[in-house]
Asks: 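Sharing a structure here in structure tokens format.
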Amino acid sequence: MKYLKQFGIIIVISFMGELLRELLPFSVPGSIYGLVLMLLALFTGVLKVSQVKDTSGFLLDIMPVLFIPSTVGLMDYFGVLSDIILPVLLVCILGTILVMGVTGRVTQHIIISMDKQKGREINE
């Protein structure tokens, strides 16, 4: 029952994101609005992490399975994509490397800042 309640909370927030997508004149996907709503709810304390933790962990665990439909869709359009496959792969690889690098640097910066706030010395 706990999982159904947590999943219901996630679905309601996702639905609110879809409603915002319909109501607002911006070309932003409803899932992004839903993520922002979830973030705001967690930051403001309206929603506690414990209220969605178990189900969100489950959804993260099965995330690779959720990519199967989009992968099959790409396979259906392989003929269309075959002419531009190298540039697409190059952009995907370089984008992944860039995101990993920026994420690592930001994480290092946050950890160093937190350690300095706590008065710890850092051995780099």
Side-chain angles (χ1 to χ4, degrees):
M1 194 65 177
K2 170 178 70 171
Y3 288 102
L4 286 176
K5 182 180 177 184
Q6 291 181 7
F7 190 69
I9 292 170
I10 293 170
I11 291 294
V12 166
I13 291 175
S14 296
F15 181 71
M16 289 168 49
E18 290 297 326
L19 285 176
L20 283 176
R21 181 184 60 83
E22 290 293 325
L23 296 173
L24 297 176
F26 308 115
S27 60
V28 176
S31 58
I32 301 300
Y33 285 127
L35 286 171
V36 170
L37 289 173
M38 178 69 81
L39 182 67
L40 290 173
L42 290 169
F43 270 146
T44 60
V46 171
L47 188 64
K48 304 272 188 269
V49 173
S50 62
Q51 292 175 291
V52 291
K53 184 176 184 176
D54 297 324
T55 300
S56 60
F58 169 74
L59 291 173
L60 284 173
D61 288 343
I62 66 164
M63 188 183 290
V65 175
L66 302 176
F67 284 102
I68 291 173
S70 59
T71 304
V72 171
L74 282 175
M75 291 170 59
D76 284 343
Y77 288 100
F78 185 75
V80 175
L81 293 173
S82 64
D83 296 337
I84 59 168
I85 194 75
L86 288 177
V88 169
L89 284 175
L90 184 65
V91 167
C92 288
I93 291 168
L94 291 176
T96 300
I97 291 169
L98 179 68
V99 167
M100 288 172 62
V102 170
T103 303
R105 287 293 186 180
V106 168
T107 303
Q108 283 179 339
H109 177 72
I110 290 171
I111 290 170
I112 290 169
S113 296
M114 290 174 64
D115 284 343
K116 284 182 181 177
Q117 285 178 352
K118 292 179 181 178
R120 298 180 189 166
E121 285 202 18
I122 300 166
N123 297 325
E124 292 182 1

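Quantities reported herein were computed from a predicted structural model and do not represent experimental measurements.
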Asks: Nearest 0.5 Å, what's the CD1-CD distance between I110 and Q108?
Replies: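 I110 atom CD1 to Q108 atom CD measures 11.0 Å (nearest 0.5 Å).
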Asks: If two hydrophobic side chains count as joined below 4.5 Å and joins carry through other members, does L66 share a cluster with F7?
Replies: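 No, L66 and F7 fall in different hydrophobic clusters.
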Asks: Out of L19, L20, L23, I13, which one pairs with Y33 under the side chain to side chain contact (heavy atoms under 4.5 Å, CB included) rule?
Replies: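 Per the side chain to side chain contact (heavy atoms under 4.5 Å, CB included) rule, the option paired with Y33 is L20, out of L19, L20, L23, I13.
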Asks: Let's go through I9 and T55 carefully: what are the C-alpha distance in whole Å and the side-chain angles of both, what is the deciding distance for side-chain contact (heavy atoms from CB on, under 4.5 Å) to 0.1 Å, and is it a yes or a no?
Replies: CA-CA 10 Å; I9 292 170; T55 300; over 6 Å; no
Asks: Is V49 reachable from I11 through a run of I, L, V, M, F, W or Y residues, each pair having side-chain heavy atoms under 4.5 Å apart?
Replies: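 Hydrophobic grouping puts I11 with V49.
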Asks: Indicate if L81 and L90 have the same hydrophobic cluster label, given that clusters are the connected sets of ILVMFWY residues with side-chain heavy-atom separations under 4.5 angstrom.
Replies: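 Hydrophobic grouping puts L81 apart from L90.
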Asks: Does L37 share a hydrophobic cluster with F26, counting links as ILVMFWY side-chain heavy atoms below 4.5 Å and allowing steps through other members?
Replies: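 L37 clusters together with F26.
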Asks: Are V52 and F58 grouped together when hydrophobic residues (ILVMFWY) are joined by side-chain heavy atoms under 4.5 angstrom apart?
Replies: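 V52 and F58: one cluster.
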Asks: Short question: side chain of S82, backbone of G79 - any donor-acceptor pair under 3.5 Å?
Replies: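 A pair under 3.5 Å: yes.
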Asks: Before you tell me yes or no, could you show the steps for S70 and L74 under side-chain contact (heavy atoms from CB on, under 4.5 Å), namely the whole-Å CA-CA distance, both residues' side-chain angles and the distance that decides it to 0.1 Å?
Replies: CA-CA 6 Å; S70 59; L74 282 175; 5.9 Å; no
Asks: For a quick test of reading the model, state the closest non-hydrogen atom pair linking P87 to I84 and the distance between them.
Replies: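 Closest approach of P87 to I84, heavy atoms only: CD-O, 3.1 Å.
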Asks: Is any side-chain heavy atom of L59 closer than 4.5 Å to one of I10?
Replies: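 Result yes, sub-4.5 Å side-chain heavy-atom pair found.
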Asks: Looking only at non-hydrogen atoms, find the nearest pair between L47 and M38 and report the distance.
Replies: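 L47 and M38 have their closest heavy atoms at CD2-SD, 3.4 Å.
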Asks: Got E18 and S14 here, is their nearest side-chain heavy-atom distance under 4.5 Å?
Replies: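 Of all side-chain heavy-atom pairs linking S14 with E18, none is under 4.5 Å.
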Asks: Rounded to the nearest 0.5 Å, what separation is found between the CD atom of Q117 and the CE atom of M114?
Replies: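 Answer for the CD-CE pair, Q117 versus M114, is 7.5 Å.
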Asks: Closest heavy-atom contact between V28 and R21?
Replies: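 Smallest heavy-atom distance, with atoms named: O-CG, 3.5 Å.
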Asks: Can you give me the closest heavy-atom contact between V65 and P69, atom names plus distance?
Replies: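 Heavy-atom minimum between the residues: O-CD, 3.9 Å.
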Asks: In Å, rounded to the nearest 0.5 Å, how long is the span from NE2 of H109 to OG1 of T107?
Replies: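 Taking NE2 in H109 and OG1 in T107, the distance rounds to 11.0 Å.
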Asks: Identify the heavy atoms of Q6 and K53 that sit nearest to each other, and give their distance.
Replies: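 Smallest interatomic distance, heavy atoms only, reads OE1-N, 3.9 Å.
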Asks: CG of L40 to CG of L35: how many Å apart, nearest 0.5 Å?
Replies: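 Spacing of CG (L40) from CG (L35) equals 11.0 Å.
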Asks: Rounded to the nearest 0.5 Å, what's the gap from CD1 on I85 to CG on L89? Could you check?
Replies: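 Spacing of CD1 (I85) from CG (L89) equals 4.5 Å.
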Asks: From T71 OG1 over to D76 CG, what is the distance, rounded to the nearest 0.5 angstrom?
Replies: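 Answer for the OG1-CG pair, T71 versus D76, is 11.0 Å.
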